[in-house]
2 protein chains.
Amino acid sequence: MKCDCDFCSLKTIFFNTINPNELENYCNAKIQRAYKAKENIIKQNDSIQEFIYLKEGLVKLYRDTPAGNQIISIGKPLDFVSLLSVFADEKYSYSVSAIKDSVVCVMNLNDVKKLILENGPFALRIITVVNKATDRILFDYLDISQKRLYSRVANVIIKFSELSQNLSFEMPISRKEMAQLVGMSIENVIRTISDLRKDNIIKVYGKDIEILDFEKLKHIRDIS
Amino acid sequence: MKCDCDFCSLKTIFFNTINPNELENYCNAKIQRAYKAKENIIKQNDSIQEFIYLKEGLVKLYRDTPAGNQIISIGKPLDFVSLLSVFADEKYSYSVSAIKDSVVCVMNLNDVKKLILENGPFALRIITVVNKATDRILFDYLDISQKRLYSRVANVIIKFSELSQNLSFEMPISRKEMAQLVGMSIENVIRTISDLRKDNIIKVYGKDIEILDFEKLKHIRDIS
DNA sequence: AATTTCTTATGATAATTGTCATTGATTGAC
DNA sequence: GTCAATCAATGACAATTATCATAAGAAATT
């Protein structure tokens, strides 16, 4: 039976860092779990026992704060779900839930740690990948924190358009979640979307969005 | 001659992960560099060749952005300076400069990578430490992004008070840098400091600050 | 099918923050 | 020591964003 890690991120990490026989072992040790949209994958304060990455679907990483939910990042296939804190902390400091129906691959965290201890190339590879992912989240956040409402909303629209690889796409998150992602109030996010529509930069039917003037939208994202 | 890593962060990482003889080798391979306040340690876009941590002094990590400098983090003794991107990128995406006179310890990055490849316990240790530090920066940022002007300024004052371990201390950074650190305009940061002074919560003589009502200051930091 | 709840939407208004202008103090360069 | 540049401070005003109120439509529940 062929190991189905072939199309997973894990394979990319393992690639050339572990011999095929061993790979088979670790690969078989992993578990897959499926989640329906809106289901919870990780809950804030859960103890960290597993190393999880997303095989299919779309997830959100978010924190429960006094000011409401704060979305830290959107996880795409091949992204790590247990990204931050995995090796740093005892407990998750954020929650993860499925935006679309999703399938995750799960490895026992101790197995991963054992691999790091025993397999140098793997260790170097995983530190690189985890570092890169965390960096991207941090620098994205630093970027938008300097931007204003319009720019932030334009940014989100472009990101999801790129994700779907289409100028016409269905926004997978609600307006409220868009607001939690850009760190602005729902009302102002909705108002911005309406304004972009009135200026014929985008077309909007509920969650269906079509970018009519990509250049102008990019311009709005980049200035201010 | 005794290796003077004894009081360095490196020692903590190496501790129990590498045998004393080898430690001596790596320790001797490292270089120390001294910087005067305001001198540049790392410049944005420099190629990443070294692994650097702070032995003495105080530094700031910051980005040069169209909207001006953005301070990402304040580095204290035993903190890593080449923290973000070290294993992830080719170039630094941020600059580091000395706030106070500082001494850094420098190891060749390839030596560190070699250690990761050859020494499992070291690899696991470094992945944990780097991860934890990056996490702290990200979550601090997520926290303040939900706070308002007053709360952010109170937060900075408390942080530097804690750093000096004294309610009366000298603010090591300028008002402008405080503004760049909290992500608000200089004028509003100054106004907030003035208001805190008028309310008898702090005493201010230029950079000398004394916290008069710590509880009230903490309260301001925590709400809103 | 009816009811409740959530989402999207918009206007009015208030709160928050930024910008511009000005001034005195401090610092750095020469 | 003098001059220029930067820093700290404050007021006036403008821009930006949040909050509250309201309402129609969609989705979930009964």
Side-chain angles (χ1 to χ4, degrees), chain A residues 36-39 60 65-71 97 99 144-157 170-199 202-209 220-221 223-224, chain B residues 36-39 60 65-71 97 99-100 144-157 170-199 202-209 220 223-224:
Chain A
K36 292 264 171 221
K38 297 191 180 179
E39 272 186 324
K60 63 173 176 179
T65 76
N69 282 350
Q70 178 181 36
I71 297 182
S97 69
I99 294 173
I144 71 154
S145 77
Q146 294 214 319
K147 302 286 187 176
R148 289 209 280 265
L149 176 59
Y150 268 67
S151 175
R152 294 187 191 190
V153 173
N155 185 42
V156 170
I157 294 173
E170 190 187 338
M171 178 66 61
I173 59 178
S174 70
R175 303 290 193 264
K176 189 176 182 181
E177 288 171 316
M178 287 182 74
Q180 290 167 349
L181 183 56
V182 304
M184 299 270 163
S185 69
I186 308 176
E187 293 94 325
N188 278 329
V189 168
I190 290 175
R191 254 186 283 268
T192 304
I193 293 171
S194 297
D195 288 348
L196 291 173
R197 176 174 48 72
K198 285 170 193 160
D199 290 342
I202 58 174
K203 233 184 202 171
V204 184
Y205 304 101
K207 296 204 166 165
D208 291 325
I209 291 181
I220 290 170
R221 177 195 61 185
I223 57 157
S224 149
Chain B
K36 292 264 170 223
K38 298 193 180 179
E39 273 187 325
K60 62 173 176 180
T65 76
N69 283 348
Q70 179 181 36
I71 297 181
S97 69
I99 294 173
K100 297 180 179 174
I144 70 154
S145 76
Q146 295 215 317
K147 301 285 186 177
R148 289 209 279 266
L149 177 59
Y150 268 66
S151 175
R152 295 188 191 190
V153 174
N155 185 42
V156 170
I157 294 173
E170 190 187 336
M171 177 66 62
I173 59 178
S174 70
R175 303 290 193 264
K176 190 176 182 180
E177 288 171 315
M178 286 182 74
Q180 290 166 350
L181 183 56
V182 304
M184 299 270 163
S185 69
I186 309 176
E187 292 94 326
N188 278 328
V189 168
I190 290 175
R191 254 185 283 267
T192 305
I193 293 171
S194 297
D195 287 348
L196 291 173
R197 176 174 47 73
K198 285 170 192 159
D199 290 342
I202 59 174
K203 234 184 201 170
V204 183
Y205 304 100
K207 296 204 167 166
D208 292 324
I209 291 181
I220 290 170
I223 57 157
S224 153

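In the text below, chain A, chain B and the rest are named by the order of the sequence lines, each starting its count at 1. Any value given below was found using the heavy atoms of this structure, including those in side chains, with hydrogens, waters and symmetry copies removed.
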For [X] and [N], give me the distance from atom [atom1] to atom [atom2], rounded to whole Å.
X: B/Ile220; N: C/dT16; atom1: CD1; atom2: P; result: 13 Å
X: A/Ile193; N: C/dT8; atom1: CD1; atom2: P; result: 8 Å
X: A/Ile190; N: C/dC6; atom1: CD1; atom2: P; result: 15 Å
X: A/Lys198; N: C/dG11; atom1: NZ; atom2: C1'; result: 10 Å
X: B/Arg175; N: C/dT26; atom1: CZ; atom2: C1'; result: 12 Å
X: A/Arg197; N: C/dA9; atom1: CZ; atom2: P; result: 7 Å
X: A/Met171; N: C/dT7; atom1: CE; atom2: P; result: 16 Å

Nearest-0.5 Å distance that lies between atom [atom1] in [X] and atom [atom2] in [Y]:
X: B/Ile209; Y: B/Ile157; atom1: CD1; atom2: CD1; result: 5.0 Å
X: B/Arg175; Y: B/Arg191; atom1: CZ; atom2: CZ; result: 14.0 Å
X: B/Lys100; Y: B/Ile173; atom1: NZ; atom2: CD1; result: 11.0 Å

Pairing residues for A/Arg197 by the side chain to side chain donor-acceptor pair (under 3.5 Å) criterion, not counting sequence neighbours: none

Could you check whether A/Arg152 gets within reach of a base, just the sugar-phosphate, or nothing at all, counting any heavy atom under 4.0 Å? nothing

Check every strand shown and say whether A/Lys207 touches a base, only sugar-phosphate, or nothing at a heavy-atom separation below 4.0 Å. sugar-phosphate

Residue pair B/Ser174 / B/Lys207, side-chain heavy-atom distance below 4.5 Å: yes

Is any side-chain heavy atom of B/Ile193 closer than 4.5 Å to a side-chain heavy atom of B/Met178? yes

Scan side-chain atoms only and decide if B/Thr65 and B/Gln70 contain a donor-acceptor pair under the 3.5 Å cut-off. no

Does the side chain of B/Arg152 come under 3.5 Å of the side chain of B/Asn155 through a donor N or O and an acceptor N or O? no

Contacts of A/Lys60 meeting salt bridge (Lys or Arg N to Asp or Glu O under 4.0 Å) (sequence neighbours excluded), chain-then-number -> A/Glu177

Among all residues two or more places apart in sequence or in another chain, which pass the salt bridge (Lys or Arg N to Asp or Glu O under 4.0 Å) test with B/Glu187? none

Derivation of the side-chain contact (heavy atoms from CB on, under 4.5 Å) call for A/Leu196 and A/Ile220: CA-CA 10 Å; A/Leu196 291 173; A/Ile220 290 170; 3.7 Å; yes

To 10°, what angle do the rotation axes through the five end pairs on each side of the helix from C/dA1-D/dT30 to C/dC30-D/dG1 form? 60°

Expected string for nucleotides 18-25 of chain C under the B/S/- scheme (protein heavy atoms, under 4.0 Å, primed atoms plus P, OP1, OP2 as sugar-phosphate) is BBB-----

For a 4.0 angstrom threshold against heavy atoms of chain A, report the outermost contacting nucleotides of DNA chain D in 5' to 3' order. D/dT16 to D/dC20

